[in-house]
Every structure is written in structure tokens, then in C-alpha cells.
4 protein chains.
Amino acid sequence: MVEPTPLRSRRAAPEVRQADILDAALAEFSEHGFEGARMEDVARQARVSKGTVYLYYPTKQALFEALIMRDIAPRVALASVFLKGYDGPLEPALMRIVEMVGAAIASGKLPVYPKLLIAEAQRFPALAAFYRREVVGKMLEGLTTLFDRALARGEISGTTGEMAAHLFIAPILKSVMWQLVFAAAEEVPFAPEPYLKAHVQLFLRGLNHA
Amino acid sequence: MVEPTPLRSRRAAPEVRQADILDAALAEFSEHGFEGARMEDVARQARVSKGTVYLYYPTKQALFEALIMRDIAPRVALASVFLKGYDGPLEPALMRIVEMVGAAIASGKLPVYPKLLIAEAQRFPALAAFYRREVVGKMLEGLTTLFDRALARGEISGTTGEMAAHLFIAPILKSVMWQLVFAAAEEVPFAPEPYLKAHVQLFLRGLNHA
Amino acid sequence: MVEPTPLRSRRAAPEVRQADILDAALAEFSEHGFEGARMEDVARQARVSKGTVYLYYPTKQALFEALIMRDIAPRVALASVFLKGYDGPLEPALMRIVEMVGAAIASGKLPVYPKLLIAEAQRFPALAAFYRREVVGKMLEGLTTLFDRALARGEISGTTGEMAAHLFIAPILKSVMWQLVFAAAEEVPFAPEPYLKAHVQLFLRGLNHA
Amino acid sequence: MVEPTPLRSRRAAPEVRQADILDAALAEFSEHGFEGARMEDVARQARVSKGTVYLYYPTKQALFEALIMRDIAPRVALASVFLKGYDGPLEPALMRIVEMVGAAIASGKLPVYPKLLIAEAQRFPALAAFYRREVVGKMLEGLTTLFDRALARGEISGTTGEMAAHLFIAPILKSVMWQLVFAAAEEVPFAPEPYLKAHVQLFLRGLNHA
DNA sequence: CATGAATGAGGATTCATTCAT
DNA sequence: TATGAATGAATCCTCATTCAT
């Protein structure tokens, strides 16, 4: 007598469902943090039942980790390939990087992963370690290679490639955090693009850029 | 029905109790974040009963806010006085600042407030606004004054005081976050002192420091 | 972390569970009043878990209101139909009414709603208004119709139908309250039947009943 | 160093304090019922400390009982003396009674004891018994005497004095409850005076009043 | 595979009562 | 006597997780 009215065609491919679930999880974790996110809301937003979420991800923590894994690996791979393959002059590369970050911030599609990681690192040391190794590590490696080559070419001088990499990313991190934390509280929003471009210029000058 | 077993002499000065409670709250919020912290644990760590915590702070959120307020006001005042009163050469001032940050990181007594703020900003917009205005704003003001004077003296050039202030703090923020997020995950801990000193030197060179 | 021990077969019809829960709520509210009733006890008595109660009734107040609604609507409808459809002589109708009340009191199955309403009216003005309108109002309407017809027939005289209705119910209310309040305190229980029958006779004589 | 600023002269006579406390208790119990009333609010309203309340009344229940005792004894005594001493014609006496009740209702100073009793009788059987015996019992005794004398005089007939007493008070009880429960919910407030006067007339006619 | 009703441990908050001062 | 800070048992409600269907 009861006629179930599936909200979607009864069988979407499992990959599709998993993607929906992770999308929903991203939205919920972003908005409420790990503790604050409710599995029920994830399920509803993914248009599946609570049980289905548990079918693919046995715990809330597993869902969180899967989310991080999914979204980060391809981006890191892309960036890493770009950085390691690049052998041109430094300035355009750095400019391109900060332009991408600036555009991401401006578009409002800023990934909330850094914020989530900062907030939840203590709760999930394994996750922090993973992020440190696979994300931050890979990115720093790529940047270090970039700067090492520039040093070898004599394009810059006065530090090591690794140090340069660490120094270079600091204002990027600051811009991202600023946006994530203070966006709502700022009367006059702090524009990241001019800031990041000034950073590149000052940074290169500091490195005796030819 | 109630059989009280005083955990300590019935009368410590209320200020002492409040301080104990806030200390305990700092520890618990730092370790578990806002959601994860349990009022019961705060009470236990402060060696008072749950009821006593509520005697002074009517809600968990009020406790959180009181904590932020207590620890931040005096530090900001101190730093602000120093920065606005200072009129000497730039380099020693910047070095002193990064040395203090480096020492704080090394001592393990790093304040967790930035991390807490980043994690909870969305939940407490008012708190984020307060922090933006009273802490970050005051510090940036002080630094802006510092750089403006150096610009006026011709000690540096090529940017504005405000931009310089924003650029200067980025690696400090990165160091602090790095420590708070990755400390446990690092095989070889990233030493902040050399990094911050290199930052100052590169930064000043970038500003055409005389 | 959760180890469910189903207290009954996992699937009773939801209507059955809701009925069980409302039955349990009636018992608990009757015995302890609104504040005194514990959701846990309601759940235990309904042989479901606390969570299940909240599944159907999101708050204690919602449970209370649902309870009132469930039990009152059908009774009022029945009584109202009877009263409005009746067009015979007055005395047998009034006698039948007081006999039903007397039987309810004697059977111990006296509905506690009037008592609950009196106790909680201040806390739930909306509920009091509902009760006034849907229960008391409908009953008085029915009785008013009854007396108006008797007046029109010349069977009684000397007042209005509405006044007669209000006067007629007073001893019924008193009997019910008496039972609910003093039942346990009475050495010699006050028998409601003779009282209510005397009421009808005296009442009709007062109305110049032919 | 701390200079206590007593809210009143340090030592008011204990009787005065007790009276203040009971006044406050009446207000709080009336508004919130037994469970809902908070000892702290009673203390604040009586302008004493919580400890002082407990000095005179060891528990909340004791306070509640003391309150009932204080306010009821004298009123009952007064009414009882009046009723037992009265030997005049019935109608003026009954009219005087209903006028007093009507005035009390109209003045808004309706005593909330009946409502409190109804709400809390189950929780405090001893209190219900006391009320039944000392208040209701004494009042009914007085009324019974009144009606018995009228019967003896042949002023009325057709029932017993006790039955008449019970029947007479029903509309009074109804009026009081009506006011306490429905006052806020009524668009057109039900006026008790005409109702009660109609009651007396109909009641006496029913008793074959000469 | 998918569902969603059911579970119950957990945690924030309240408040009657105590007792050192 | 009088105070009010301190206590902690009690209770409402939430939500991650389970499992019968």
C-alpha cells in the first residue's frame, strides 16, 4: 500500500552516488566543521538515505578523510606536474600562481580544506600527516625545484630553494586564511590580487632578481 | 540529596577561580576545539564543579568569548604601545618581533587563539569581527605606523606602509599555523627562527632597505 | 559505540508506536504534571527508546499537545453530534449525561485532561485557547442548543440557553475535580452519582420544568 | 575592604522576613507552579538571600506548605464564624457570598490556591488532605449548617443541607477555575457576577424557596 | 544495494540544597 | 542570624550508528 517514491532513478552508478555524497560532505563540513556537520544533512543533501552514506563510508571520520583524498590528489598532481616540468623564467610562473589563487578567492570557490585541516588537525593526526606529506610536501617540492633551477641559472640569489619556497607561500596562505576567517567581518574587503602581486615583486627583488 | 565534597578550600578568591576556569577552558578548547570541548572537563581541570563554571559563565559560548577577551587585550596593548612608540631603525624592530614569535613557538607556549579563531570564525561572526578589529587591526595599525615612518625617513621604498605590514606578517602567520597544525606530523620539525630571520632580510632587501 | 538491544520487534506499525507513546505520555503527565514528567519514563513505559519518542514528537511540549489533541477531538465530536441531534425531552438527556460522567468517575478512568489543563494553562496559553475553543466551546454550544430548544418548547423557562448550559456543567466540573484532587484524601468518598442526580432535579425545578 | 550594603535594615523582625518570603513564594508559585518556581527568585523577590529562605523553610515543599497554611487559616476562620453565626434568611447570605467571589474575580486578586492545589494535589497528598479537611471541610460545614437551619425553618426543602452545600459551591468553583484557566484565552470574558446571581436564583427556586 | 526507523550514549544546562564565612 | 558561592544530580535533547526490511 505504501509506494516508495525514489528521489532519483533507483540505481545511479555507485561512483555517481559517492561523488554526490562527497560533494554534500564538502558543503556540510565546510559550513559546520567536523563536529558540527550532521550525517543526516550530508545524506539529505546528497539525496540518499543515511544508510547509504554508511554503506560507502563506515564512519564520519572515514567520510571526512575520503573527502580530503578525493579533492586533493588531482589538484596536487596537476600543480606538481606543472611546477616540475616548468623551466622558464621565474616571474611569470610566480605570477601565474598568485593569479590563480587570487581568482579562486575572488570567485568565492575557495577550497575550505586548509581551514578544515587547521581546525581538525589535532583530532586527526593521521590526516594532518597525510596532508603535510601529500599536499604541502608535494607543493613545496615543486616550488623548491622551481627556485633551485632559478638559483642555478643565477636568476635569483641569497637563499636556498627550499627557504624561498616557504617564504613564497606565506602570503598565499595568509590571503586564503584572511578570506576564510574575516570575509564576513570586513567592511572593506582586503583585495588579494594587488597584495599577492606586490608580494611577488617584493619577493623577487629581495632575491636579487635579475 | 546533594552531598558536596569540596574539592578545595571553599573560598579561593573569585578572581582566582575565574582564572583557573579560563586556564582550563584554554586547555580544553585548544585540544578539542569549541564543539569538542566538554564543560565537565573544563570544570574538572579547574578543580571546580560544573555548576561553578556556569556561575561565572552562563554558556559555553560566553566562556569561550571571555577566554579570548582575557588573554588578548593585554598582549595587544603591550605590542601596540611598543610599535607606536618606536621610532628607531626598522631592522632591529622587525628582528625583535620575529625573535619573540620564534621564541614563543620554540617554547611550546604558542597561543592557540589564531587556530581557534580560524576554526570557529564561522560559528562566531561577532568574535571574528572583534578579533579582526581589536587584535589584527591594532597590530596592523602599529606595524603600518612603523613602516610609514621608515618610508618617510627614506629607509625603505617601493610600497605603502599598510602593504608592507600585511606582507611582513604573512610568514609569521605561516610559522604559527605550521607549528599548530603540523608540529605532531613533522619528522624533521621546521625551525621557525632561521625562516623568520631570512624573511626579515629578504623582506627588507625587497623594500630597498638602505 | 552504540549497542542496540531492541526492546520489541523492530517493526511495529508506526501508528502503534505513536499510540503507545501517547498512552505512556498520558500516564506520566497525569501522574507528575508537565514539568514533573520525564521523557525517559515516557519512553520506558512505551517500551521504546528516548530517541524514538523524539522521532515522533520533537519536544516535550509537542508531545503534550499531541496527547491532548488525540484524545479530545473524537470525544468532543461524539458528544457534540449527540447533543445537536437530540430533540427529545430535557430530563432524560441531562440524566444520561450525568450518568456517563458518574460512571467515568466511578470507573477510575477519569480523563485527567481538565486537571492537566488547569495546571498548565499558564504555561501553554495556546493550549488553553485550543481547549477553550474546541472542547469547552463545542460542549457548551451543544448544551446551549439543547436548552434553547427546551426553552422554545416551553419545557423550561426563566433563563437563557447559554446561562443554563454554564450552570448545568458546574457540578459536573466540581465532581471531576473533586475526584481528581481529593480522591486519595477522602475517608468517605463523596459519591458523584447521587450528587449529580440531585443536581439535575434541583436544576430542572429551578428552571420551572414542566 | 568589602562593605556589605544590606538591602534593608540589617535586622528586620523575623516575622517580617517570613512574611516577605511567603509573599514572594505566593507570587512565584502562582505564576510558575510548584516545579517551575525557583527558590532563587523567591529569595530575590523577598529581598533576602537564598540561605535565609532555607533558614526558615528547610525545603521547597515546606515553604509551599507554610504558604498554604498562612493564608488559608484566617480566611477560613472568618468565613466559618460568619456562616455559623448567621441565622437570618438564606437569600441575602448566599448573595453576599457570591458577590464577594465575584468581586475577587473582578479585582484580579483571585487566590491561586485552588489552582495550585489541583495542580499539585497528587504530589502532596498530605497537603490535599489538609486542604480537604481544614479549608473545604470547614467551609462545607458552615454552609451545611446554614442550609440545615433554612430547612428546619421550612425556608427551603427537597434535599439535605450537605447536598445543598455541595451544589451551591459548584458554580463558584467553576467561576474561579474559569477565570484562572481561560482568562487569557477569552475574547469576550465570561462575566461571573450575573452568572453567580442567576445561580443563586435558580438554586433557590430549585429548593422551593418560599 | 538501499532505506530510514530505532537506538542510547553523551553533553549542555538548571536549580534545590549546603556550608564556610 | 544571614549570606551567596559552590555543588552535582537530574533532565532535555542530539546525532552517530545499526539493522530489519
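Every chain is numbered from 1 and lettered A, B, ... according to where its sequence line falls, protein lines coming before strand lines.
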Task: Contact check, side chains of Ile68(B) and Leu117(B), non-hydrogen atoms, under 4.5 Å - done: yes
- [ ] Apply the side chain to side chain contact (heavy atoms under 4.5 Å, CB included) test between Asp23(D) and each candidate in Arg70(D), Gln45(D), Gln18(D), Glu28(D); give the one that qualifies.
- [x] Arg70(D)
TODO: Please state whether the base of dT17(F) and the side chain of Lys50(A) form at least one donor-acceptor pair under 3.5 Å?
DONE: yes
Open item on the list: Regarding Asp41(A) and Arg44(A), does a basic nitrogen lie under 4.0 Å from an acidic carboxylate oxygen?
Closed with: yes
- [ ] Would you mind reporting whether Leu63(B) and Tyr56(B) have side-chain heavy atoms less than 4.5 Å apart?
- [x] no
Open item on the list: Take N1-N3 plus N6-O4 or O6-N4 for Watson-Crick, N1-O2 plus O6-N3 for G-U, both under 3.5 Å. Which runs of 3 or more such pairs involve DNA chain E?
Closed with: E:2-21 with F:2-21
Open item on the list: Distance check needed: dT18(F) P versus Tyr57(A) OH, whole Å only.
Closed with: 17 Å
TODO: Round to the nearest Å and state the distance from Gln61(C) atom CD to dC13(F) atom C1'.
DONE: 15 Å
Task: Side-chain (Lys60(C)) to main-chain (Phe34(C)) donor-acceptor, under 3.5 angstrom - done: yes
- [ ] With the side chain of Leu55(D) defined as its heavy atoms from C-beta on, choose the nearest nucleotide among dA2(E), dA2(F), dT7(F).
- [x] dA2(F)
Open item on the list: Strictly below 4.0 Å: does Arg17(A) bring a side-chain N or O up to OP1 or OP2 of dT3(E)?
Closed with: yes
Task: Of Phe34(C) and Gly51(C), the one whose closest DNA chain F nucleotide lies more 5' - done: Phe34(C)
- [ ] Report the residues that fulfil side-chain contact (heavy atoms from CB on, under 4.5 Å) with Glu35(C), sequence neighbours left out, ordered by chain and then residue number.
- [x] Arg123(C), Glu35(D)
Task: Proximity to the side chain of Tyr54(A) - top-ranked nucleotide from dA2(F), dA12(E), dT17(F) - done: dT17(F)
TODO: Quickly work out the Glu40(B) CD to dA12(E) P distance and round it to whole Å.
DONE: 9 Å
Open item on the list: With nearest nucleotide decided by heavy atoms, which residue, Met39(A) or Thr52(B), maps closer to the 5′ end of DNA chain F?
Closed with: Thr52(B)
Open item on the list: With a 4.0 Å cutoff (strictly under), does any side-chain N or O of Tyr56(C) reach OP1 or OP2 of dA6(E)?
Closed with: yes
Open item on the list: Of the options dC13(F), dA16(E), dT13(E), whose atoms approach the side-chain atoms of Lys60(C) most closely?
Closed with: dC13(F)
- [ ] Select base, sugar-phosphate, or nothing to describe what Ala37(C) touches, counting heavy atoms under 4.0 Å on all strands.
- [x] sugar-phosphate
Task: Atom-pair distance (CZ on Arg44(D); P on dG4(F)), nearest Å - done: 11 Å
- [ ] Could you check how far NE2 of His32(A) sits from P of dA16(F), rounded to whole Å?
- [x] 12 Å
Task: Spacing of Asp20(A) atom CG relative to dA2(E) atom P, expressed in whole Å - done: 12 Å
Task: Rounded distance (Å) that lies between atom P of dA2(F) and atom CZ of Arg47(D) - done: 14 Å
Open item on the list: Using OP1 and OP2 only, check whether a side-chain N or O of Ser49(D) sits under 4.0 Å from dA2(F).
Closed with: no
Task: Atom-pair distance (CZ on Phe64(B); P on dA12(E)), nearest Å - done: 14 Å
Task: Thr52(A) backbone acceptor or donor facing Ser49(A) side chain under 3.5 Å - done: yes
Open item on the list: Heavy atoms from C-beta onward define the side chain here; which of dA16(E), dA6(E), dT3(E) lies closest to that of Val48(A)?
Closed with: dT3(E)
TODO: Report yes if the side chains of Val53(D) and Val48(D) come closer than 4.5 Å at any heavy-atom pair, otherwise no.
DONE: yes
